[in-house]
Peer 1: 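There's a structure below that I have some questions on.
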There are 2 protein chains.
Amino acid sequence: MRREPKADLDTTPIPHDAEALLQQFGCRATRPRVAVLDALIRHDGPIDATTLTELAQANEPSIHEATVYRTIGVLSELGLVNHVHAGHGPSLVRLAGNNDLVAVCQDCGAIADIPQAAFGPMIKAVERESGFVLEPGHFALEGVCADCLELR
Amino acid sequence: MRREPKADLDTTPIPHDAEALLQQFGCRATRPRVAVLDALIRHDGPIDATTLTELAQANEPSIHEATVYRTIGVLSELGLVNHVHAGHGPSLVRLAGNNDLVAVCQDCGAIADIPQAAFGPMIKAVERESGFVLEPGHFALEGVCADCLELR
DNA sequence: AATCTAGTTGCGAGCTGGTCGCAAAACCGA
DNA sequence: TCGGTTTTGCGACCAGCTCGCAACTAGATT
């Protein structure tokens, strides 16, 4: 089983049509996969596997959560999708191309997208000082959101 | 059960003596707790619960992992200990007072401490733009360490 | 020192997020 | 339409962590 993208995210226009997208990337466009990718395209922003399963089941009721996990794996190998590790909860997935950072509220679990612009200098500083090359967009920031701050 | 520190981390000198420390914070200095806190003091840097259990068992062989988790909970309520959520692996704990950021290598799992100095401006920027007040030191940065970069 | 009691422990069961092996089904090129 | 792979659904399983409960203990009171 080859799992090398036939298409290239950087140069290929991405059709927002799950089936075409899968074929373009040279992988089988099965009904469950189409349902998962389609749900991911429709849903804007990071989402956990369980919720994604529910969304996909709207179109493809028999789809199993294990299949969703496997599909996420495939899409991620193709570079179509990113994992975001968020705190102690389940990890999140989102369409690639958005490299904003995700911030999770420790109190209420709210998720905010934070434009990554602010982080460039920090990433460089970390690399200079420790040799670590950060991959922002793969981990979540934790903190307290404005609403929960008021309630404290 | 009250769980409010009698001593204050900011003003109280911290004896590096687990038993005294526990008493100072007004909680029962049981043998298992002393063993856990002692291991934590001796071990420098973030550590996961399983490894911490093994260290503590060196002094207190019968100590159970559930007890270690509960002890971590208590110490954390007292502000003596911080959780760090690290990627997909188990979460890490460390003595409070060190607010450096933890960076985890995606490839080999190596852990690096990164002085938090570089992050001040970023934290402010995030607060300004999104209202989120980050708690650095509670989440881990992910990336690739210098060694693994070479191997790629 | 002996007693008392709230707080703590060890233990096993249980929960959640995620992975795996396998037989049956689906995809898709010929 | 058919055939060989790939993929799916399913249930079993694993790791990390939490919980309920009966037994035990620290440490205050006498």
Side-chain angles (χ1 to χ4, degrees), chain A residues 1-4 6 18-20 22-37 46-54 56-57 59-78 81 83-93 104 109 140, chain B residues 1-4 6 18-37 46-54 56-57 59-78 81 83-93 109 140:
Chain A
M1 181 213 309
R2 209 171 355 127
R3 189 78 74 208
E4 247 175 80
K6 283 188 184 167
E19 188 168 355
L22 286 167
Q23 280 160 350
Q24 202 166 328
F25 274 76
C27 84
R28 282 194 182 186
T30 62
R31 290 169 59 79
R33 275 184 190 170
V34 172
V36 169
L37 182 50
I47 187 176
D48 64 279
T50 306
T51 313
L52 182 55
T53 303
E54 283 160 16
Q57 281 171 341
N59 292 323
E60 194 59 32
S62 73
I63 197 172
H64 195 276
E65 193 156 358
T67 301
V68 173
Y69 277 107
R70 283 185 284 223
T71 302
I72 290 171
V74 171
L75 297 178
S76 149
E77 270 184 74
L78 294 175
V81 143
H83 292 266
V84 184
H85 298 128
H88 44 278
S91 61
L92 307 173
V93 216
V104 179
Chain B
M1 182 213 306
R2 207 172 358 127
R3 190 79 74 207
E4 246 176 81
K6 282 187 182 167
E19 187 168 355
L21 194 45
L22 285 168
Q23 279 159 351
Q24 200 166 329
F25 275 74
C27 84
R28 279 161 90 147
T30 62
R31 290 170 58 80
R33 275 183 191 171
V34 171
V36 170
L37 182 51
I47 187 176
D48 64 279
T50 306
T51 313
L52 182 54
T53 303
E54 284 161 15
Q57 281 171 340
N59 292 323
E60 195 61 30
S62 73
I63 195 172
H64 195 276
E65 193 158 358
T67 302
V68 173
Y69 277 105
R70 284 186 284 224
T71 302
I72 289 172
V74 171
L75 297 177
S76 148
E77 271 185 73
L78 293 175
V81 143
H83 291 266
V84 184
H85 298 128
H88 44 278
S91 62
L92 308 172
V93 214

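Computed from heavy atoms alone, side chains included, the values below leave out hydrogens, waters and symmetry copies. Per chain, numbering begins at 1; letters A, B, ... match sequence-line order.
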Peer 1: Kindly determine whether Ile72(B) and His83(B) satisfy side-chain contact (heavy atoms from CB on, under 4.5 Å), including the steps that lead there.
Peer 2: CA-CA 9 Å; Ile72(B) 289 172; His83(B) 291 266; 3.9 Å; yes
Peer 1: Could you pull out all residues at least two apart from Thr51(A) that satisfy side-chain hydrogen bond (donor to acceptor under 3.5 Å, both in side chains)?
Peer 2: Asp48(A)
Peer 1: Can you tell me if Thr67(B) touches the phosphate of dT9(C), counting only side-chain N or O atoms and a distance under 4.0 Å to OP1 or OP2?
Peer 2: no
Peer 1: Using side-chain contact (heavy atoms from CB on, under 4.5 Å), reason through Leu22(B) and Leu75(B) one step at a time and then give a plain yes or no.
Peer 2: CA-CA 9 Å; Leu22(B) 285 168; Leu75(B) 297 177; 3.9 Å; yes
Peer 1: Bend angle of the helix from dA1(C)-dT30(D) to dA30(C)-dT1(D) from five-pair axes at both ends, rounded to 10°?
Peer 2: 30°
Peer 1: Mark yes or no for a side-chain to base donor-acceptor pair under 3.5 Å between Arg33(B) and dT8(C), with no hydrogen or angle criteria applied.
Peer 2: no
Peer 1: Output the rounded distance in Å from CD (Glu60(A)) to C1' (dG9(D)).
Peer 2: 12 Å
Peer 1: Over how many whole Å does the gap from Phe25(A) atom CZ to dC27(C) atom P extend?
Peer 2: 21 Å
Peer 1: Grab the NE2-C1' distance between His85(A) and dG17(C) for me, whole Å please.
Peer 2: 12 Å
Peer 1: Within this structure, what is the OG1-CD1 distance for the pair Thr53(B) and Ile63(B), rounded to the nearest 0.5 Å?
Peer 2: 7.0 Å
Peer 1: Rounding to an integer number of Å, can you tell me how far Gln23(A) CD sits from dG29(C) P?
Peer 2: 8 Å
Peer 1: Provide the closest heavy-atom pair for Val68(A) versus Ala49(A) in the form atom of the first, atom of the second, distance.
Peer 2: CG1-O, 4.1 Å
Peer 1: Listing time: all N or O pairs from protein to nucleotides 17-20 of chain D that are below 3.5 Å?
Peer 2:
| unit_1 | atom_1 | unit_2 | atom_2 | d |
| --- | --- | --- | --- | --- |
| dC17(D) | OP1 | Ser91(B) | N | 3.0 |
| dC17(D) | OP1 | Ser91(B) | OG | 3.1 |
| dC17(D) | OP2 | Tyr69(B) | OH | 2.5 |
| dC17(D) | O5' | Tyr69(B) | OH | 3.4 |
| dG20(D) | O6 | Arg70(B) | NH1 | 3.1 |

Peer 1: Picking from dC28(C), dG27(D), dT8(D), which would you name as closest to the side chain of Arg28(B)?
Peer 2: dG27(D)
Peer 1: About how many Å separate CZ of Arg33(B) and CZ of Arg28(B), when rounded to the nearest 0.5 Å?
Peer 2: 8.0 Å
Peer 1: dA26(D), OP1 or OP2 - any side-chain N/O from Thr30(B) closer than 4.0 Å?
Peer 2: no
Peer 1: CD1 of Ile63(B) versus C1' of dC24(D): gap in Å, rounded?
Peer 2: 15 Å
Peer 1: What's the separation between atom CD in Glu65(A) and atom OG1 in Thr71(A), rounded to the nearest 0.5 Å?
Peer 2: 11.5 Å
Peer 1: Looking at every heavy atom in both Ala35(A) and Glu60(A), which two are closest together, and how far apart are they?
Peer 2: CB-CB, 3.7 Å
Peer 1: Looking at Ala86(A) and Ala140(A), what are the two nearest heavy atoms and their distance?
Peer 2: CA-CB, 3.8 Å
